[in-house]
Each structure stands twice: as structure tokens, then as C-alpha cells.
A.B. asks: 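Here you go, one structure.
Side-chain atoms are counted along with the backbone in the values below, which use heavy atoms only and exclude waters and symmetry mates. Letters go in sequence order (proteins before strands), and every chain restarts at 1. Quantities reported herein were computed from a predicted structural model and do not represent experimental measurements.
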2 protein chains.
Amino acid sequence: MAKPLQAGMEHLGQMIFHLHTQGFEESIFQFVRYFLDIDNETILIYTGNKRPRIIHRRATVMQVHERLESDYVLGAYLLDPFYNLHVEQAPAGIYTLSQVAPDQFKRTEYFSTYYRRTTVVDEMVYVAYPSPHVSVHLSVGRDAASGQRFSKRELARARELEPVLRAISELHWANLHSNDNNDKTSEPDAFRERLESELGICLTPRQAQVALFILRGHSSVSISLRLKISEQTVKVFRKQLYRKCGISSQAELFSMMMPVLLKIVAQRTP
Amino acid sequence: MAKPLQAGMEHLGQMIFHLHTQGFEESIFQFVRYFLDIDNETILIYTGNKRPRIIHRRATVMQVHERLESDYVLGAYLLDPFYNLHVEQAPAGIYTLSQVAPDQFKRTEYFSTYYRRTTVVDEMVYVAYPSPHVSVHLSVGRDAASGQRFSKRELARARELEPVLRAISELHWANLHSNDNNDKTSEPDAFRERLESELGICLTPRQAQVALFILRGHSSVSISLRLKISEQTVKVFRKQLYRKCGISSQAELFSMMMPVLLKIVAQRTP
DNA sequence: CGGGGTATAACCCTAAGGGGGTATTTTGGC
DNA sequence: GCCAAAATACCCCCTTAGGGTTATACCCCG
């Protein structure tokens with residue numbers, strides 16, 4: 001199905017991207033699908049710290065997007081490793097799940113209650129920035145039906161499309177701007193405030209920071225490297241915050257914190 | 001509030017248990033409450049392998065019985081360590097949670113998604129057998145409001161009531177009988193069959209057996225002692241069955257198996 | 001100035017979970 | 001009845017989570 005890139009290039013002249021029109025997203029999808037064997041595609045736009053907006057989506061299997069509006073957009077995205085690219089304003093480019101996922105990502109509750117149920121087995125995301133703090137994520141993936149992860153060859157091919165996709169994405173969405181002058185509180189701070197007002201639990205800044213890392217699937221070692229502290233210290237913070245919350249596992253942390261995260265997000269209309 | 005047992009005995013002559021009448025269960029409750037500081041009480045009857053029936057319940061806090069009808073009776077009871085006393089037809093008597101709970105009980109999903117939410121912090125259960133395969137469980141407990149677990153002294157006092165409670169329970173419910181001539185398939189077998197028909201997953205008998213032990217909170221060591229095999233072997237069965245199910249933790253096993261367990265139970269009207 | 005909360009760091013341990021591997025017994029099919 | 005495959009049983013290796021304990025240094029507040 002997928003042709004060598006050279007062959008595609010010949011056709012590129014005939015592929016017309018109607019910027020600023022309805023059909024643009026669909027033509028992006030058709031363009032990618034011409035070169036890559038993919039089962040599903042999603043275009044998301046993140047603006048400042050607002051909720052993501054779904055711009056376009058296609059999937060051969062229903063499950064892939066089943067919880068996209070209900071769970072992902074409403075708050076689960078905060079734990080998505082790809083969302084982190086937007087937060088950190090990582091360089092534009094193409095990213096695979098294995099590149100961005102923390103070391104213990106597959107043991108998170110986000111993974112088992114959300115990601116696994118999408119049946120997606122592999123995912124690549126094209127990241128572009130039409131303007132500061134506005135990210136366009138073009139996600140393409142494989143699901144359990146085909147079952148195959150992307151090969152190195154496919155990744156290389158996907159990478160070749162990246163400059164073109166980035167250019168036309170940034171052109172098409174250039175009019176989008178983020179007015180993030182309000183809500184300057186950092187994420188751990190907002191998290192702490194909500195946690196205290198909602199559940200009456202008062203974490204220290206460090207404990208809140210560690211909690212968020214844990215929820216996203218970082219191991220103690222991974223957190224220690226990020227925060228430049230010892231692994232032992234991370235374990236202490238983990239213990240302390242678990243004790244304050246009256247829980248004893250990452251899974252319980254998730255079921256306790258998700259409602260709090262949702263409330264942080266709720267006031268941010270996209 | 002609780003008086004020494006001797007004092008209670010003086011009143012016992014005045015306490016009339018109206019066998020085979022509506023008020024019997026309530027008088028049982030009042031009797032126990034006279035001697036023991038308890039926050040909640042539940043009387044359950046297990047008949048053969050049918051779903052338990054709730055005969056009576058009292059609680060100072062709503063949460064204690066919140067999920068009793070919806071979750072416990074409909075299937076969660078299969079993972080209850082006290083239910084296991086009925087299955088194994090353990091001797092009549094009084095049992096505490098710490099006596100019957102497997103070593104890793106507090107790390108099970110049953111504990112964190114059901115038991116913890118009842119806010120019960122300690123529980124004692126009087127077990128009586130009105131007739132073969134018919135168990136009466138009189139459960140008395142403390143919740144988070146009082147917060148205190150039962151002391152050794154209280155347990156001793158509770159134990160003194162046991163002969164009386166057993167005698168009147170077995171008298172009162174003597175007319176109950178179990179017709180368990182049907183459904184002679186063992187639990188692991190029923191579990192295996194359902195698993196194959198529902199999810200298309202074919203576990204070996206040993207794997208199914210281990211899965212059920214894991215769900216109930218047994219550690220690998222505990223399972224190895226029960227099955228008289230090596231701990232290493234248990235770990236291998238665990239690995240194999242996790243792989244067959246495409247999962248990687250006890251929590252996922254729970255969320256995958258609960259629907260299956262519910263279907264096993266559904267056909268057994270109490 | 002002293003004490004409580006916080007942050008840092010180290011040690012101990014058990015248990016889960018995943019990666020190899022091998023040997024024996026049971027079972028099903030020809 | 002024999003052979004292969006499956007099931008059962010056991011072993012080694014490893015990382016990580018989670019819990020317990022102790023000991024520092026710091027900093028703010030009364």
C-alpha cells in the first residue's frame with residue numbers, strides 16, 4: 001500500500017492543500033496515508049494551558065477514539081506523554097511513543113484505564129508550532145487489528161514527511177494565538193491549591209511535583225534525574241504524600257487525583 | 001458504653017429472642033451492641049454457591065453499606081476473605097479480618113475499590129451453620145468515624161458471646177436448606193469456561209487457580225504454600241496468565257476478571 | 001532561641017513483575 | 001503405542017514499588 005517516498009513526491013504536485021478551508025485536514029490525512037500504513041489519525045491543537053481541541057480524526061476501529069471527547073479532552077490529556085511536548089515546548093518534529101513515554105508509563109493507571117483501551121499499539125506524533133504556545137499535534141497510529149508497531153524503515157519514511165507537514169500546518173493554523181496572560185500559576189501549584197480546597201489535603205510543593213511525575217509514569221529514578229535529587233529522596237516524598245492521602249499505591253493516587261485534575265481543567269474553556 | 005459480660009448476663013434473662021419473627025434480627029443486633037462497641041452490623045446468609053442474601057444491617061455511617069447490594073452481593077463477595085469461610089466450611093466460631101485475610105489482601109483491587117470505601121477499619125464475623133452448606137455470617141465492625149480497631153480485650157469479650165449467638169442463629173434459621181445438587185463444577189472450572197466464552201482466553205486449570213488466588217490477595221509465597229508448589233512456579237503461572245490476558249498487573253487482572261466473575265454469579269439466583 | 005515543618009539522603013527489607021532457561025509429566029492425535 | 005505438544009514444575013537473573021527507620025541541614029515562626 002505505502003509507496004516509496006520518491007513516488008509520492010511525483011504526486012505531490014497534484015496534491016493540493018486547501019489552506020484555510022474545510023477540506024484541509026482531510027487532505028492532510030490522505031497525504032500521510034499515501035505514504036504510511038496507518039490505522040488511525042488524530043489532529044489536536046493545544047493552546048496555552050487550555051483543553052486540547054480535536055480538529056480531525058479518522059480510525060478504522062471505533063475504540064481508538066471512543067474516549068477521546070469524554071476522557072482525554074476533559075482531563076486525561078494532562079497525563080499524556082505527548083501533551084508534555086506542548087508543555088515543555090519541545091522542538092517541532094516527529095516523536096514516537098517510546099521516545100516520549102516515561103520509563104514506567106505502561107504501569108500507570110492512565111495507560112491501563114485509558115491508553116490500552118484505545119487498542120493503539122504504536123503512535124507517532126508530528127509536532128508543529130503555528131505560533132508561541134500553540135501546538136498542532138498530528139498523531140498517526142496502529143491499533144490491535146493490524147497489530148504491528150512501526151518499523152525503523154517506516155519511522156524513517158515518516159520523518160521525511162515531517163518538514164512538509166510542519167510547514168503547511170504552521171501556515172494553515174498561523175492565525176491561532178494563545179492569550180495565556182491569565183492563569184500564570186504553574187501546574188503543581190494549581191494542583192496543590194485544588195487538592196487543598198477539594199480534599200483538604202495539603203501537600204508540600206515538592207510532594208505535589210513528585211505526585212504528578214508518578215501519575216505520568218516516571219519511576220523514582222527517573223524523577224530523581226529530572227529533579228536532580230537522590231532516588232532515596234524521591235521515595236521519601238512518595239511515602240509522605242501517600243501517607244497524607246491515606247493511600248498506598250500509584251493506582252489509588254490516580255483514582256484520588258483524577259477528579260482533582262479534572263476540576264483544574266474544567267475552568268479552562270478551550 | 002459496653003459493660004462487663006457478667007453484667008450483661010444478668011440482663012440476658014430479660015432479653016427475649018423471638019425466633020421465626022420479624023424482630024429477631026434486630027434483637028440480635030441489640031444484644032451484641034449491649035456488650036460491644038460497634039459502628040455497624042450486617043447479617044448475611046450464604047446458601048450453597050448462590051449469591052449471599054442480606055438479612056439485616058445497621059450502620060452509623062452510610063458508606064458502610066453503600067455498595068453492599070450493588071457490588072458485594074452481585075459478585076464482589078467472591079473475593080471476600082470471609083466468604084471463603086463458607087466455601088471451605090470452616091468451623092463455626094468468630095473470625096477477625098486479620099485472621100482470614102490473605103497476606104497481600106490490602107494490596108488487592110477488591111480492597112481498594114470496595115473494602116476501603118466502606119470505611120470499615122476492623123471487622124469480626126460470627127459464623128454459624130443452620131444446615132449443611134448454609135452459612136449465617138453476623139458481621140460487626142468499626143468504621144473510620146470511631147477509627148479504633150478491636151482490642152484483644154474486646155475480641156475476648158466478643159468470643160464469649162459466640163456460643164449463644166451460634167445457638168440461636170442455628171435455631172432461628174434451621175429451616176433453611178441448600179439444594180446444591182446442581183452446578184457441581186468447581187469455581188476455577190467455571191471461571192475458565194466463562195473466560196473462554198466471554199473473552200476467548202484459554203487458561204490452564206493451574207493458571208486459573210493462581211489467578212483466583214491473586215485476585216483474593218495471596219502473595220506468590222502464600223499461593224505456593226496452599227498449592228504445595230514452589231514460589232518460582234507460582235511466579236511462572238502468574239507470568240503466563242498475564243501474558244495470555246495481555247496485561248501486566250494485578251489491578252488489570254481485576255478489571256478484566258470482575259465482569260467474568262459477575263457473569264458466573266449472575267445465573268445463580270439466591 | 002528553640003521547635004516544628006520541610007528537604008535532603010542513606011540504610012534495611014518484602015513483593016511484584018519480566019527476562020532468560022530446563023526437566024518432567026500429561027494429554028491428544030495419528 | 002508412539003510422538004509431539006501442552007501443561008506443570010523449577011531455577012537463575014534483574015528492576016521497581018513500597019514500607020520502615022534514622023540522620024542531617026535549613027528555615028520560618030512564636
A.B. asks: Please confirm whether the ring centroid of A/Y126 lies under 6.0 Å from the ring centroid of A/H137.
C.D. replies: no
A.B. asks: Taking the side chain from A/R51 and the backbone from A/Y77, do they hold a donor-acceptor pair closer than 3.5 Å?
C.D. replies: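 Between the backbone of A/Y77 and the side chain of A/R51 there is no qualifying donor-acceptor contact (under 3.5 Å).
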A.B. asks: Under the 3.5 angstrom rule, does the side chain of A/H133 hit a backbone N or O of A/H86 as a donor-acceptor pair?
C.D. replies: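 A pair under 3.5 Å: no.
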A.B. asks: State which residues pass salt bridge (charged side-chain N to carboxylate O under 4.0 Å, His left out) with B/R206; sequence neighbours excluded, sorted by chain then number.
C.D. replies: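 B/R206 satisfies salt bridge (charged side-chain N to carboxylate O under 4.0 Å, His left out) with no other residue.
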A.B. asks: What is the separation between atom CG on A/L203 and atom C1' on C/dG5, rounded to the nearest whole Å?
C.D. replies: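 Taking atom C1' of C/dG5 as the reference, CG of A/L203 is at 14 Å.
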A.B. asks: Are B/Y83 and B/Y46 near enough that their ring centres are under 6.0 Å apart?
C.D. replies: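 When the ring centroids of B/Y83 and B/Y46 are compared, they turn out to be within the sub-6.0 Å range.
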A.B. asks: Applying salt bridge (Lys or Arg N to Asp or Glu O under 4.0 Å), which residue pairs with at least one partner in residues 95-123 of chain A are found, sequence neighbours left out?
C.D. replies: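 Output for this query lists A/R116-B/E252, A/D122-A/R149.
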A.B. asks: Could you list where the contact with chain A starts and ends along DNA chain D, reading 5' to 3', using a 4.0 Å heavy-atom cut-off?
C.D. replies: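 Contacts span D/dT16 to D/dT21, reading 5' to 3'.
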A.B. asks: For A/T96, does its backbone N or O pair with a side-chain atom of A/Q99 as donor and acceptor, under 3.5 Å?
C.D. replies: yes
A.B. asks: Does the side chain of B/T118 come within less than 4.5 Å of B/Q63's, by heavy atoms?
C.D. replies: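 No, too far: nothing below the 4.5 Å cut-off.
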A.B. asks: Take nucleotides 22-28 of chain C nucleotide by nucleotide from the 5' end and write B, S or -, depending on whether a protein heavy atom sits under 4.0 Å from the base, only from the sugar-phosphate, or from neither.
C.D. replies: -------
A.B. asks: Tell me whether the rings of A/Y115 and A/F105 are parallel (<30°), tilted (30 to 60°) or perpendicular (>60°).
C.D. replies: perpendicular
A.B. asks: With the threshold set at 4.0 Å, does a side-chain nitrogen-carboxylate oxygen contact exist between B/E154 and B/R142?
C.D. replies: yes
A.B. asks: Restricting to salt bridge (charged side-chain N to carboxylate O under 4.0 Å, His left out), what partner residues turn up for A/E69, sequence neighbours left out?
C.D. replies: A/R57
A.B. asks: Could you tell me the separation between the CG atom of A/L241 and the P atom of C/dT6, rounded to a whole number of Å?
C.D. replies: 13 Å
A.B. asks: Taking only distance into account, with no hydrogens and no angle test, what donor-acceptor pairs under 3.5 Å do side-chain atoms of residues 233-245 of chain A form with protein atoms, sequence neighbours excluded?
C.D. replies:
from, atom 1, to, atom 2, distance (Å)
A/R238, NH2, A/S220, OG, 2.8
A/Q240, OE1, A/Q207, NE2, 3.1
A/Y242, OH, A/Q250, N, 3.3
A/K244, NZ, A/C202, O, 3.0
A/K244, NZ, A/Q207, OE1, 3.0

A.B. asks: Report the residues that fulfil salt bridge (charged side-chain N to carboxylate O under 4.0 Å, His left out) with A/R192, sequence neighbours left out, ordered by chain and then residue number.
C.D. replies: none
A.B. asks: In degrees, rounded to 10°, what is the bend between the two ends of the helix from C/dC1-D/dG30 to C/dC30-D/dG1, using five pairs at each?
C.D. replies: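 About 30° separates the two local helix axes.
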A.B. asks: Under 4.0 Å, heavy atom to any atom of DNA chain D: which of residues 111-120 of chain A qualify?
C.D. replies: none
A.B. asks: Pick base, sugar-phosphate or nothing for A/E252, based on heavy-atom distances below 4.0 Å to the nucleic acid.
C.D. replies: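 It contacts nothing in the nucleic acid.
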A.B. asks: Quick one: salt bridge (charged side-chain N to carboxylate O under 4.0 Å, His left out) partners of A/D71, sequence neighbours excluded?
C.D. replies: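 For A/D71 the salt bridge (charged side-chain N to carboxylate O under 4.0 Å, His left out) partners, ignoring immediate neighbours, are A/R67.
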A.B. asks: So, using side chain to side chain donor-acceptor pair (under 3.5 Å) as the criterion, who are the partners of A/N84 when residues are at least two apart?
C.D. replies: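 With neighbours one apart ignored, the set is empty.
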A.B. asks: Base contacts versus sugar-phosphate-only contacts with protein, heavy atoms under 4.0 Å: please encode nucleotides 12-17 of chain C as B, S and - from 5' to 3'.
C.D. replies: ---SSB
A.B. asks: CD of A/Q207 versus P of C/dA7: gap in Å, rounded?
C.D. replies: 6 Å
A.B. asks: OP1 or OP2 of C/dA9 sitting under 4.0 Å from any side-chain N/O of A/T233?
C.D. replies: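 For A/T233, the contact criterion (side-chain N or O under 4.0 Å from OP1 or OP2 of C/dA9) is met.
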